[in-house]
Amino acid sequence: MSHSRPGPTDPEQTQEAGRKRDGQNVAAAHDRLRTAILHGELEAGLSISQGALADRFDVGRTPLREALRLLQREGLVVAKPNHPVQVAALSAADFEQLYLMRISLEATAIRVTVPRLTSDDFAELEASMAKMDHYERAGDALGVRAPHHAMHHVLVAGAGPRVCAEIDRLAEHCERYRLRFAVTEHSDERRVEHRAILDAARSGDPDLAVRELVLHYARSASLVFDALDPHRDLERLRTCVRALAPEAEQVLRAGA
């Protein structure tokens with residue numbers, strides 16, 4: 001009877017399989033924790049041990065440590081050896097910087113994209129609007145997210161995938177604040193603002209599209225600041241808005 005023997009590359013294959021499995025575990029842990037932070041399941045400012053995190057999310061200590069390193073690089077956690085993990089706090093300074101970057105980048109992206117939009121793009125935009133309207137009328141804030149993201153993605157896609165990826169990251173970070181301070185409750189105003197952005201894009205006028213987009217974000221930012229820090233001086237954000245769409249500056253409150 002002949003017996004098969006492991007080939008000379010079997011140890012290498014085993015190591016490669018192990019690295020692949022570790023990478024998958026890290027990616028899964030990172031995605032799960034990141035989603036929990038962005039959606040408020042892990043509350044801002046929460047202090048929790050790595051052991052408790054590992055138990056709560058059923059992940060191993062090694063992939064958890066690597067996932068936390070990635071999250072710390074993104075600014076979502078503070079993790080030090082032999083100390084509890086702290087979920088990044090919400091602050092007016094952080095939110096202002098997020099919106100300054102988001103408005104600047106997305107205004108440029110929509111300006112680039114509007115002249116390139118096709119009839120298929122507008123069909124997709126209208127479909128997203130209809131889905132958003134459905135979920136908003138049903139009071140389903142979670143359901144609104146996918147069509148809302150799809151709409152904004154079409155409007156900036158012409159700027160390229162790297163730009164879109166950064167816009168997505170900024171939008172996700174802003175969502176922590178929007179969810180915490182109940183900006184999602186203002187659905188009627190948001191519906192009107194999204195319609196104005198879409199109609200401006202359909203007109204083929206990039207300047208008008210930028211104006212409506214910046215107005216939309218200036219209103220959203222003001223709602224959060226009113227709840228987060230009503231006395232904050234918004235001069236940096238005001239300077240950004242003034243440069244892109246002067247009409248939108250009046251939407252931002254006067255500050256301290």
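Here, residue 1 is the first one in the sequence, and each next residue gets the next number.
- Listed by first then second residue, pairs satisfying side-chain hydrogen bond (donor to acceptor under 3.5 Å, both in side chains) with a partner in residues 138-151 read His39-Arg145, His148-His152, His148-His194, His149-Asp168, not counting sequence neighbours.
- For Ser47, the side-chain contact (heavy atoms from CB on, under 4.5 Å) test picks out Pro84, with sequence neighbours left out.
- The side chain to side chain donor-acceptor pair (under 3.5 Å) check on Thr35 picks up nothing, with sequence neighbours excluded.
- In terms of the side chain to side chain donor-acceptor pair (under 3.5 Å) criterion, Gln50 has no residue partners (sequence neighbours excluded).
- Listed by first and then second residue, the salt bridge (charged side-chain N to carboxylate O under 4.0 Å, His left out) pairs involving residues 79-90 amount to none (not counting sequence neighbours).
- Every side chain to side chain donor-acceptor pair (under 3.5 Å) that Glu66 has, sequence neighbours left out, goes to Arg69.
- Ile48 belongs to a hydrophobic cluster whose remaining members, ordered by chain and number, are Leu33, Ile37, Leu38, Leu42, Leu46, Leu53, Phe57, Val59, Leu64, Leu68, Leu71, Leu76, Val77, Val85, Val87; membership requires side-chain heavy atoms of ILVMFWY residues under 4.5 Å apart, directly or through intermediates.
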Listing, residues 157-166 side-chain donor-acceptor contacts under 3.5 Å, not counting sequence neighbours, or none:
from, atom 1, to, atom 2, distance (Å)
Glu166, OE1, Arg169, NE, 3.4
Glu166, OE2, Arg169, NE, 3.3
Glu166, OE2, Arg169, NH2, 2.7

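- Judged as a salt bridge (charged side-chain N to carboxylate O under 4.0 Å, His left out), the pairs with a partner in residues 100-114 (not counting sequence neighbours) are, in order, Arg102-Glu106, Arg111-Asp207.
- Residue pairs meeting the side-chain hydrogen bond (donor to acceptor under 3.5 Å, both in side chains) criterion with at least one partner in residues 85-98, sequence neighbours excluded, are Asp94-Tyr177, Glu96-Arg232.
- Judged as a salt bridge (charged side-chain N to carboxylate O under 4.0 Å, His left out), and not counting sequence neighbours, the contacts of Arg195 are Glu126, Asp199.
- Take Ala201 and apply the side-chain contact (heavy atoms from CB on, under 4.5 Å) test, not counting sequence neighbours, and it matches Val114, Leu117, Phe122, Leu155.
- If you check the side chains of Glu124 and Ser128, you find no donor sitting under 3.5 Å from an acceptor.
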